[in-house]
2 protein chains.
Amino acid sequence: MSTSAPILAVMTPTREALIAAAADLLDRGGPEAVTLREVGRAAGVSHNAPYKHFADKSELLAAIAARELSRQSEIIAARDGPVLSARDLMHGYVRRALRYPERFKLTFRRWERDAAGLGEAASQAHGLLVAAVTCAQAAGELPSGDPERMSSLVRGLAHGAADLALSGHLKSGGKGNADPDTLVDDLFDYLRLAAAK
Amino acid sequence: MSTSAPILAVMTPTREALIAAAADLLDRGGPEAVTLREVGRAAGVSHNAPYKHFADKSELLAAIAARELSRQSEIIAARDGPVLSARDLMHGYVRRALRYPERFKLTFRRWERDAAGLGEAASQAHGLLVAAVTCAQAAGELPSGDPERMSSLVRGLAHGAADLALSGHLKSGGKGNADPDTLVDDLFDYLRLAAAK
DNA sequence: ACCTGAACACCGTTCAAGT
DNA sequence: ACCTGAACACCGTTCAAGT
């Protein structure tokens, strides 16, 4: 029974330490602070030991992004309370983006290939949202229609609001009422109105 | 009368050539392709001539971002036809993001200071949207309320949909109906329904 | 005022060994 | 199988001059 382990957990300790060190450097000083030499130093290995675990620097960064997407799913799935609503899911999305801005920006870079199982981690997180949206549609809180499409709509807003906030493009207004969480609530409120026809 | 010139037009030709060369390198090969040496070569000057016009590399990149925001405003303002609707404005926003993905990503980096008049260029573009949103609210196409806040909502969705599309996070669905333009239209359709109470 | 060439420190990557 | 140290090409930045 205990022989089956999560796929992503199959990692040598050194590899995991390298990813952790790189993520830490990223959080502290942005992408420019992530040098393979500093990563190796922080992980207690030589400056080119990373090449035994990743093809190049880009692959190490992709591993950070994949880890971040997986953690997002884990945080949601590990809740013992009631299932999160689509609205709460999006508030969590915004919250994590604002808490780890550099990881957020890194996660949504334009990655070349389907590197480091990044696609699987992303679709798993998206699946949880689609389920929550379907539930909200059944309750009449969201308009009916393709749940995938509705999920993309609400996530598009949450993602854009978070990204605009991080890049400082949401504070032009004097009242300061346009923070990402407010916009998420606004959208859900309007969608409920639209659902009531 | 003709003595007053646009502020951003006050630039030495070399400075402008450096920005153009850097933007071109960015479009072709992403941020990693933008090296000061290559920029100088493309502009026909030495590899450190940029330091006579910009404090460092970051300031040159910020100048590209500011130019991109200004152009966005110019494109909108230079139309001789009828004033663009808020919906068309957002379609144009998505269109430009997909056409120049690297510039789009660069524009929404987390810039340190208010570098290179980036803030002014951004608020000018935002002002055009607020005007269009106010107009749509008067016509009953959008719910009433603070126009700034409503503008942030629609731009948040357009921005997020474009960014998700660029990073490949919008193609998970099988039907492929979740492209950014569709999401923009969906939002405006739902908002019109909500406006009709 | 604007530009150049040499120089320095640093980084990604490779390679020949080492256990 | 995993790691190390030296080496190479490249890049951002600085500086002393040059016109």
Side-chain angles (χ1 to χ4, degrees), chain A residues 5 7-65 102 105-106 109-113 115-116, chain B residues 5 7-65 102 105-106 109-113 115-116:
Chain A
I7 290 179
L8 289 177
V10 182
M11 288 203 293
T12 155
T14 308
R15 179 188 160 97
E16 211 153 355
L18 288 169
I19 297 177
D24 200 51
L25 288 168
L26 178 72
D27 286 340
R28 286 198 214 285
E32 297 180 10
V34 185
T35 69
L36 290 181
R37 286 168 151 84
E38 205 61 38
V39 168
R41 229 170 67 85
V45 292
S46 77
H47 72 283
N48 52 13
Y51 286 94
K52 311 302 164 184
H53 301 271
F54 306 95
D56 52 14
K57 181 180 177 179
S58 166
E59 203 169 276
L60 170 59
L61 295 177
I64 301 178
E102 298 294 349
K105 283 290 193 182
L106 181 79
R109 274 194 188 177
R110 302 175 62 225
W111 299 102
E112 295 287 342
R113 296 195 37 183
Chain B
I7 290 180
L8 288 177
V10 182
M11 288 204 293
T12 155
T14 308
R15 181 188 159 96
E16 212 153 354
L18 288 169
I19 298 176
D24 199 52
L25 288 168
L26 178 72
D27 285 339
R28 286 197 213 285
E32 297 179 11
V34 184
T35 70
L36 290 182
R37 286 167 152 84
E38 206 60 39
V39 168
R41 228 168 69 84
V45 291
S46 77
H47 72 284
N48 52 12
Y51 285 94
K52 311 303 164 183
H53 302 270
F54 307 95
D56 53 12
K57 180 180 177 178
S58 166
E59 204 170 275
L60 170 58
L61 295 177
I64 301 177
E102 298 294 349
K105 284 289 192 183
L106 181 78
R109 272 194 190 177
R110 302 175 61 227
W111 301 102
E112 295 286 341
R113 297 194 36 181

Check: B:D24 side chain, B:D27 main-chain N or O, donor-acceptor pair, under 3.5 Å:
no
Does a side-chain N-to-carboxylate-O contact under 4.0 Å join B:K105 and B:E102?
no
Could you please spell out the steps behind the side-chain contact (heavy atoms from CB on, under 4.5 Å) verdict for A:Y51 and A:L60?
CA-CA 9 Å; A:Y51 286 94; A:L60 170 59; over 6 Å; no
Rounded interatomic separation in angstrom, taking CG from A:L18 and P from D:dC2:
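Rounded to whole Å, this separation is 12 Å.
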Identified pairing partner of C:dA7, criterion: Watson-Crick or G-U wobble below 3.5 Å:
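Paired with C:dA7, as far as the under-3.5 Å criterion goes, is D:dT13.
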Using both distances under 3.5 Å as the test, list the Watson-Crick or G-U wobble partner of C:dC2, or none.
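WC or wobble partner is D:dG18.
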For every nucleotide of nucleotides 8-19 of chain C, 5' to 3': is a protein heavy atom under 4.0 Å from its base (B), only from its sugar-phosphate (S), or from neither (-)?
---BBBBB----
Non-hydrogen side-chain atoms of B:E59 and B:D56 separated by less than 4.5 Å
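They are in contact (side-chain heavy atoms under 4.5 Å apart), so the answer is yes.
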Are any non-hydrogen side-chain atoms of B:V45 and B:L18 less than 4.5 angstrom apart?
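When only atoms from C-beta onward are counted, B:L18 and B:V45 do touch, with a gap below 4.5 Å.
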With side-chain contact (heavy atoms from CB on, under 4.5 Å) as the test, would you mind laying out the steps for A:R109 and A:L61 before giving the verdict?
CA-CA 10 Å; A:R109 274 194 188 177; A:L61 295 177; 3.7 Å; yes
If we take the C1' atom in both D:dC10 and C:dA9, what is their distance in whole Å?
13 Å
